Amino acid sequence: MTAPRHVTLIDGSGFIFRAFHGLPPMTRPDGTPVNAVYGFTTMLMKLLADSQSDHVAVIFDSSRKTFRSEIYPEYKAHRPPAPDELVPQFPLVREATRAFDLPAIELEGFEADDLIATYARLAVEAGASVTIVSSDKDLMQLVGPGVDMYDPMKNRAIGEAEVREKFGVAPDKVVDVQALCGDSSDNVPGVPGIGVKTAAQLIEEYGDLDTLLARASEIKQPKRRESLIEHAELARISRQLVRLRTDAPVPVPLADLDVKPPAPEKLAAFCAAQGFRSLMGRLNAKIPTTAPTATRAIVDTASAEAPSLPPKVESDYELVTDLAALDRWVAQASKAGLVGFDTETTGLDPLRAKLVGVSLALAPGRACYIPVMHSSGEAQGDLLGGPSADAPKLIPAADILARLKPLLADPAVLKVGHNIKYDMQVMAGLGLAIQSFDDTMLLSYVLDGASHGHGLDELCLLHLGHRNISFAEVCGSGRNQVTFDRVPLDKACAYAAEDADMTLRLHGLLKPRLLLERMVSVYETLERPLVPVIAAMERDGIKVDRPQLMALSEDFGRRLTELETEVVALNNGEAFNLGSPQQLGKVLFETLNLPGGKKTKTGQWATGADVLEDLAHLHPLPARLLDWRQLSKLKGTYTDALVAQINPATGRVHTSYALAATTTGRLSSSDPNLQNIPIRTEEGRKIRHAFVAEPGKRLISADYSQIELRLVAHVAEIEGLRDAFADGADIHAITASQVFGVPLDGMDSALRRRAKAINFGIIYGISPFGLAAQLGIPQGEAKAYIEAYFARYPEIRTFMERTKEEAREKGFVTTLFGRKVFTPGIKDKNGAMRAFAERAAINGPIQGGAADIIKRAMIRLPAALVAEGLKARLLLQVHDELVLEAPEDETEATVRVVKRVMEAAATLSVPLLVEAGIADSWDAAH
DNA sequence: TATATCACG
DNA sequence: GACGTACGTGATATAA
């Protein structure tokens, strides 16, 4: 055993809480929450990977009671108990520590911070340097000669300078400052009225707390003086609370913290037990190459001297500003056949944003940034207006594009992007096509569904334990935000190259999982090929008739004022904000004293449409208000907003489709959302009427008839339903006839309506409550209908049970094309939560299956149109509907192709039927 | 930033 | 016996 040279002390308890709150929820297959355990494990892996330490320990809080609660009972007393999802993770984190062969140290009556302080003292006395791994400001008092800190959440070293930035004083005065300003999160009182700034100023002036308190009467500001004199004792107690003990009776001697040779099998077993598949991949990759830790113990004194700071991910990023360097990178990318690719632009809208730079990554840690259009920060201050002397010299944009074009188009070089649709749009605007590509966002989406988000930063934290430089750190935020072209080149390079680097690293991690987790086909046939199709749809956009919308807006506006006057009159002339549910609730249930008021879960009056409809027969106000709400919604959300969204350059609106957003595999549309344009009411339809074709062209709307119900019939193998579909005609009337045993001829419309509601209910995972609410009938009656339905179609029950069982067993259900729809909460101990998850599980294969089918159609459609020599363009997708724009004289032929492709997109045991219309407006075509 | 409401499939 | 529910989205205004 050798004497310690460098000791790393990890604040385990602090980390658990931060990881728990910072990471999305994750559960083990058995339902145990493990997000904090996962964060902890990746943090340790990363920390140990290139740690130079010879002694390492993870230190935990033991119990809530410590010597501090003896001194001051309120200390940390207001802390709520740990969340239920965190409690089972405490023992697991200690288990993780042991899996790394590290000591997990805790001591009754002492906080982790005191043990860390004590070990730090012992280490320094033994001549070693110390790194404390924590983001807790309470540990900053320990920073000093031989001791520094590392914040694993922010991936940042904390030295004297950082402490000074935080507290305004040197580390050895931190205790005095904290004693004065207190700490609300720990319930340390401090002196009332004194914050960090004032405390630092006082300590700087008087030297230390005792001197300050002794000379408090000299202070000029009267309030401050009184407070200090009155609360001197409180300050002394506070100091006792914040000062860490360096004399804790540590349960394990320092010498025993020495690093043991690694036992990767032990760690792999632990990861396997927790279901950490991606970590196992990393372990397996590492096991053969990693040298035993013991031999990595300090050999050269140089690195031992400088307290080694842990581990940034090793990186070597190059700023490319000359053609020779660019050629070198392009040649190497071309030779490698694989390159991480990312673009930086001036904005989020790919149609309006200008390209600022491009980054490439060749291997983990090896990436470059090629600026295309930067105005240096210095140029701003150049009063002469000429080019600033130190303005960076960049490669001319035309040269960069000329070099990138063949690389991006080369089918032999795989370009890996994160949300590469965006980069595709930007490059398409410059005439560059991306030929062969992968998208890490989509990989993550098909593998892990909605169990977490799929942003690059989030994935890096999750899979690589690496915190990326944030956009805000580079460009600022709020009113100080600047566009990327104003960012100094060195900062821009660090940020942009990192994105390409991380994208490539994620690719290495995620792509192999496709095969292992049987997701190759979903990714290769459903998701990836859709990217260029959607990119083209977004670029094409759809024309809206601006004058028509503006006229509508005016009309709505006028009627809104009229309605408002009427409503105010009905409220005894008392004006109020009709848009405020809160004020409306008071008017209805307090001023007018209408009966039957319900409260929402936050204790406010509920004023939803259903409530207002119930009130309509008691008073004229609710009906007027419903009208007002409808028009207000239409004006605010559609007419006005849509006009504002027209792209001046194209005269069209360009929505953005999210490919990796929904739990079921559907697309979602935003900015503007074109998947919820009104149709159900006459007034609403007027908005749809303003979506038009260019002169000489027509709009075609083609939608799947009853696709979800057909999927139910197919997937659940419901013979009766299949027959009904085979017979064609009115499916709801047929099921009404079959379920209620009445003849199809002269079907009662009320009966048909009930059958329709049950048909929909099945798709949503039916419940008597839901059906009763939908139909406005008693729950008992709804229950009887469901029983009748189940009796006629017994296979539906089997399907529902089978689906729930699958969800419980695997944590997800699958669509007929193999997409996973994850079902978190399926084992929740709360019955309501579980029921919710069960209904979602039943809906998953149905909604998800329909999403798969229309995606298949969209992927095949462009080529099918080209093959027939047709010029039609796909413009919109609305879940079961496609909207195209076609030259007037090609509409008939286009409809034939569209129908053919859509109906052949899946072969089911029931036919798929597509209904299409042709017109000048979307309203008329639908 | 959260909540209530309402537009769509 | 009580709980709290139809499935999936996004945009808006209000209120905090």
Side-chain angles (χ1 to χ4, degrees), chain A residues 450 576-585 599-612 625-626 628-642 644-645 655-658 661-681 683-685 687-688 703-704 706-709 712 757-775 779 782 786 803 813 821 823 825 828-848 850-851 854 876-881 922 926:
Chain A
F576 70 101
N577 186 343
L578 312 215
S580 161
Q582 194 188 47
Q583 295 180 29
L584 174 64
K599 296 280 182 86
T600 66
K601 62 171 183 236
T602 52
Q604 297 208 19
W605 292 111
T607 67
D610 49 341
V611 176
L612 297 188
L625 208 114
L626 280 170
W628 185 90
R629 277 215 183 134
Q630 190 196 9
L631 292 183
S632 162
K633 180 80 173 184
L634 293 176
K635 184 174 188 301
T637 309
Y638 298 104
T639 55
D640 295 354
L642 228 34
Q645 288 273 4
T655 184
S656 170
Y657 288 103
T662 67
T663 53
T664 56
R666 275 188 177 181
L667 302 180
S668 83
S669 157
S670 62
D671 311 295
N673 182 353
L674 296 186
Q675 288 181 323
N676 69 347
I677 300 303
I679 191 168
R680 291 173 188 173
T681 67
E683 295 300 331
R685 284 193 114 115
I687 289 164
R688 209 167 260 244
D703 69 288
Y704 282 109
Q706 303 293 349
I707 188 168
E708 294 194 341
L709 203 52
V712 171
I758 312 178
N759 277 336
F760 273 106
I762 295 296
I763 294 167
Y764 299 149
I766 202 157
S767 74
F769 178 95
L771 184 64
Q774 178 64 38
L775 286 173
Q779 233 181 104
I786 294 172
T803 308
V813 293
V821 177
T823 55
D828 200 293
K829 58 184 191 307
N830 177 332
M833 283 285 291
R834 208 169 49 238
F836 181 77
E838 286 175 354
R839 291 194 298 270
I842 290 163
N843 178 256
I846 303 166
Q847 192 183 116
I854 198 166
L876 302 179
Q877 189 252 42
V878 193
H879 309 309
D880 64 354
E881 174 190 10
W922 189 7
H926 191 84

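The analysis underlying the following values was restricted to heavy atoms, covering all of them including side chains, and did not include hydrogens, waters or symmetry mates. Please read these numbers as outputs of a predicted model, since none were measured by experiment. Throughout, a chain's letter reflects where its sequence line sits, starting with A, and its residues are numbered from 1.
Among the heavy atoms of the strands, none lies under 4.0 Å from A:Ile842. Residue A:Asn676 is in base contact, counting any heavy-atom pair closer than 4.0 Å across all strands shown. Using a 4.0 Å heavy-atom criterion, one finds that A:Ile766 contacts the bases of the nucleic acid, with or without backbone contacts as well. No engagement by A:Gly831 is indicated, since no non-hydrogen atom pair under 4.0 Å with the nucleic acid exists. Across all strands shown, A:Ser767 has heavy atoms under 4.0 Å from base atoms, whether or not it also approaches the sugar-phosphate. Using a 4.0 Å heavy-atom criterion, one finds that A:Asn577 contacts the sugar-phosphate atoms exclusively. Base engagement by A:Phe769 is indicated by at least one non-hydrogen atom pair under 4.0 Å involving a base atom. No contact: A:Glu881 has no heavy atom under 4.0 Å from any strand. Using a 4.0 Å heavy-atom cutoff across all strands shown, A:Ala757 reaches at least one base atom of the nucleic acid. Residue A:Gln582 is in sugar-phosphate contact alone, with no base atom involved, counting any heavy-atom pair closer than 4.0 Å across all strands shown. Contact annotation for A:Ala609: backbone-only contact, meaning every heavy-atom pair under 4.0 Å involves sugar-phosphate atoms and none involves a base. Within 4.0 Å of A:Gly761, counting heavy atoms only, lies at least one base atom of the nucleic acid. Nucleic acid contact class of A:Ala773 (heavy atoms, under 4.0 Å, all strands): none. Residue contacts shown for A:Thr663 are limited to sugar-phosphate atoms, with no base heavy atom under 4.0 Å away.
What separates CG of A:Asn759 from C1' of B:dG9 is a distance of 16 Å, to the nearest Å. Regarding A:Arg839, its CZ atom lies at a distance of 4 Å from the C1' atom of C:dT5, rounded to whole Å. Straight-line distance from the CG atom of A:Asp640 to the P atom of B:dA7: 16 Å, rounded to whole Å. Atom NZ in A:Lys599 sits roughly 16 Å away from atom C1' in B:dT3 (whole-Å rounding). Put simply, CZ on A:Arg680 is 5 Å from P on B:dG9, counting in whole angstrom units. If you take CD1 of A:Ile854 and P of B:dG9, they are 12 Å apart, rounded to a whole angstrom. For the pair A:Lys633 NZ and C:dA13 C1', the computed distance is 9 Å after rounding to whole Å. When the P atom of C:dT9 is taken as reference, atom CG of A:Asn843 falls 10 Å away, rounded to whole Å.
Remark: the separation of the C1' atoms in B:dA7 and C:dA2 is 35 Å, to the nearest Å. For the P atom pair drawn from C:dG4 and B:dA4, the interatomic distance equals 15 Å after rounding to whole Å. Only the P atoms considered, C:dC3 is 26 Å distant from B:dC6, to the nearest whole Å.
For DNA chain C, each stem of at least three Watson-Crick or G-U pairs (distances under 3.5 Å) is given as range with range: B:1-9 with C:7-15.
At distances below 3.5 Å, not a single donor-acceptor pair connects side-chain atoms of A:Ser670 with backbone N or O atoms of A:Asn673. Side chain of A:Gln779 to main chain of A:Ala772: no donor-acceptor pair is present (N/O by atom type, distance under 3.5 Å, no hydrogens or angles). Looking at A:Tyr657, its side chain does come within 3.5 Å of a backbone N or O of A:Gln877 through a donor-acceptor pair. Side-chain N or O atoms of A:Asp671 include none that pairs as donor or acceptor with a backbone N or O of A:Thr655 at under 3.5 Å.
A heavy-atom distance below 4.5 Å is found between the side chains of A:Arg629 and A:Leu612. Residues A:Trp605 and A:Lys599 are in side-chain contact: their nearest non-hydrogen atoms beyond the backbone lie under 4.5 Å apart. Two residues are said to be in side-chain contact when any heavy atoms from C-beta on lie closer than 4.5 Å; A:Gln774 and A:Tyr764 fail this criterion. Inter-residue side-chain proximity for A:Val878 and A:Leu674 is flagged as unmet; no heavy-atom pair is nearer than 4.5 Å.
In terms of phosphate contacts, A:Thr607 brings no side-chain nitrogen or oxygen within less than 4.0 Å of OP1 or OP2 of B:dA4. Residue A:Ser670 has no polar side-chain atom (N or O) positioned under 4.0 Å from OP1 or OP2 of C:dG10.
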